[in-house]
Protein chains: 2
Amino acid sequence: MEKDTRLKLIEAAAPLFAQKSFAAVSVRELAQAAGANIAAVSYHYGGKEGLYHAMLEYQFEPIAEALERIQTMSSLPPAERLGLYASLVAGVHHRRPYLLRLVHAELTSPTSGFEAVVKKYIPQIFRFIHQALEEGVAAGEFRPDLDIGLAVISLAGILNFYFVAKPMARQLLPASGLSDEKYVSQAFAIYLNGIRREKP
Amino acid sequence: MEKDTRLKLIEAAAPLFAQKSFAAVSVRELAQAAGANIAAVSYHYGGKEGLYHAMLEYQFEPIAEALERIQTMSSLPPAERLGLYASLVAGVHHRRPYLLRLVHAELTSPTSGFEAVVKKYIPQIFRFIHQALEEGVAAGEFRPDLDIGLAVISLAGILNFYFVAKPMARQLLPASGLSDEKYVSQAFAIYLNGIRREKP
DNA sequence: GTATTTTTAAAACAGATGTTTAAAATAATC
DNA sequence: GATTATTTTAAACATCTGTTTTAAAAATAC
């Protein structure tokens with residue numbers, strides 16, 4: 001067997017579901033992109049929805065791994081833990097170029113995949129950032145008036161939005177000015193500088 | 001006439017298209033939500049796509065207005081002009097609760113509505129922020145090493161992502177901690193603080 | 001009051017949808 | 001090598017899609 005049909009289906013499904021939407025992709029389209037038969041979707045995954053869920057789980061794989069690795073580093077200073085998250089965002093987007101678009105689609109237009117898959121992983125990330133911010137404030141390193149819950153969203157927003165807006169950004173910026181690493185590092189610097197306690 | 005069918009269709013279409021997606025909403029569904037006949041969609045807008053475009057234009061109306069008003073204030077100091085954008089984001093989301101979701105959907109999964117409608121407005125907003133940042137750097141108010149193009153995306157991201165992530169945020173934060181104004185003001189403060197030139 | 005436009009209703013249209021079926025082909029096991 | 005078990009295939013399934021057509025009804029304009 002060259003590469004089993006199950007995997008071929010999952011890998012072909014990711015870009016299709018990410019670039020269109022769950023409803024806009026047809027089973028025939030999926031099968032053709034995977035070089036498989038139409039019936040293979042139902043046979044292996046019980047249907048279009050089952051394939052979609054399996055594909056989502058596959059996309060979250062590197063996140064799950066990274067989170068486990070990261071949890072063990074809870075002894076690092078808060079700012080460095082936030083930096084870990086920043087490089088995780090950049091790194092994951094490199095390994096799974098469609099994940100962020102898929103998650104954004106689930107946030108704006110939740111399907112069954114939101115409850116089934118997305119909801120499992122997002123809170124873990126949230127708690128990781130929340131804890132780092134909490135300790136940073138307690139240690140007097142970050143502004144004491146910070147609303148931590150909202151600040152978590154701000155970090156996720158300033159880092160992730162770029163990857164969603166990239167197609168539009170490519171039309172607005174000179175092509176040379178678009179580097180993922182450059183973006184993440186400047187955005188994180190702005191954020192960190194923004195929450196730091198001002199020197200008296 | 002109680003409220004002509006054209007408007008009823010547009011207003012009913014916004015939440016449906018925003019919460020699902022263009023492909024996932026059926027014409028029968030649209031007509032029923034508007035209390036109109038199925039044929040009314042084709043009669044007034046030439047079809048589902050025509051209704052979608054008209055609804056998008058309607059959603060951008062307050063943005064177009066605000067941008068005209070704002071352009072006349074180009075004499076304000078850069079930081080205040082950025083603040084204008086921040087309050088525009090909050091205000092527009094209040095008047096058009098579905099706009100940001102619709103735009104995000106068009107960014108992640110562009111339909112014909114992207115070229116036809118969204119592409120007209122986004123660059124205007126981009127240029128407005130870009131210009132303010134440029135002047136701020138030139139005036140020595142913002143960090144001189146700032147990549148301005150990327151910094152525009154950061155501002156849009158830190159302000160807008162919240163409104164996209166709100167459904168998820170509601171499950172992660174104590175209900176009391178979610179105020180649009182509070183979020184926008186803190187997020188903007190973090191950003192502005194983050195790009196400010198450090199005192200020597 | 002007549003003429004024009006808008007709205008409604010029900011039906012029909014061709015095409016696409018996700019899923020199932022039963023036979024054929026391949027792989028695994030003994 | 002024969003016999004299972006698994007996978008693939010093409011065809012058929014009922015259902016839903018957006019749109020159009022017919023017609024009558026209602027509302028508005030002149």
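Quick note on labels: first sequence line is chain A, next is B, and so on, each numbered from 1.
- The residue A:Ser42 sits close to a base: some heavy atom pair falls under 4.0 Å.
- For A:Ser26 and C:dT17, the shortest distance from a side-chain N or O to OP1 or OP2 is below 4.0 Å.
- Regarding A:Arg6, its CZ atom lies at a distance of 11 Å from the P atom of D:dT8, rounded to whole Å.
- Heavy atoms only, all atoms of each residue included: A:Gln71 and A:Phe128 are closest at OE1-CD1, 4.1 Å.
- Side-chain contact, A:Thr5 with A:His44: no donor N or O sits under 3.5 Å from an acceptor N or O.
- With C:dT8, D:dG18, C:dT17 as the choices, the nucleotide that has an atom nearest any side-chain atom of A:Arg28 turns out to be C:dT17.
- Each of A:His44 and A:Ile38 was assigned the nucleotide of DNA chain D with the nearest heavy atom; the assignment lying further toward the 5' end belongs to A:His44.
- Out of D:dT20, C:dT19, D:dT8, the shortest distance to the side chain of B:Ala39 is found at D:dT20.
- With D:dT8, D:dG18, C:dT8 as the candidates, the nucleotide lying closest to the side chain of A:Thr5 is D:dT8.
- For A:Tyr43, no side-chain nitrogen or oxygen approaches OP1 or OP2 of D:dT8 to under 4.0 Å.
- Across the protein-nucleic acid pair, B:Lys8 atom NZ and C:dT6 atom P stand 15 Å apart, rounded to whole Å.
- Protein atom CD of A:Glu29 is 12 Å distant from nucleotide atom P of C:dA16, rounded to whole Å.
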query = What's the verdict on salt bridge (charged side-chain N to carboxylate O under 4.0 Å, His left out) for B:Glu61 and B:Arg95, showing C-alpha distance, side-chain angles and the deciding distance?
reply = CA-CA 10 Å; B:Glu61 212 175 71; B:Arg95 284 182 61 188; 5.5 Å; no
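- Shortest non-hydrogen contact noted between B:Pro144 and B:Val137 is CA-CG1, 4.0 Å.
- With rounding to whole Å, A:Tyr52 atom OH is found 15 Å from C:dT19 atom P.
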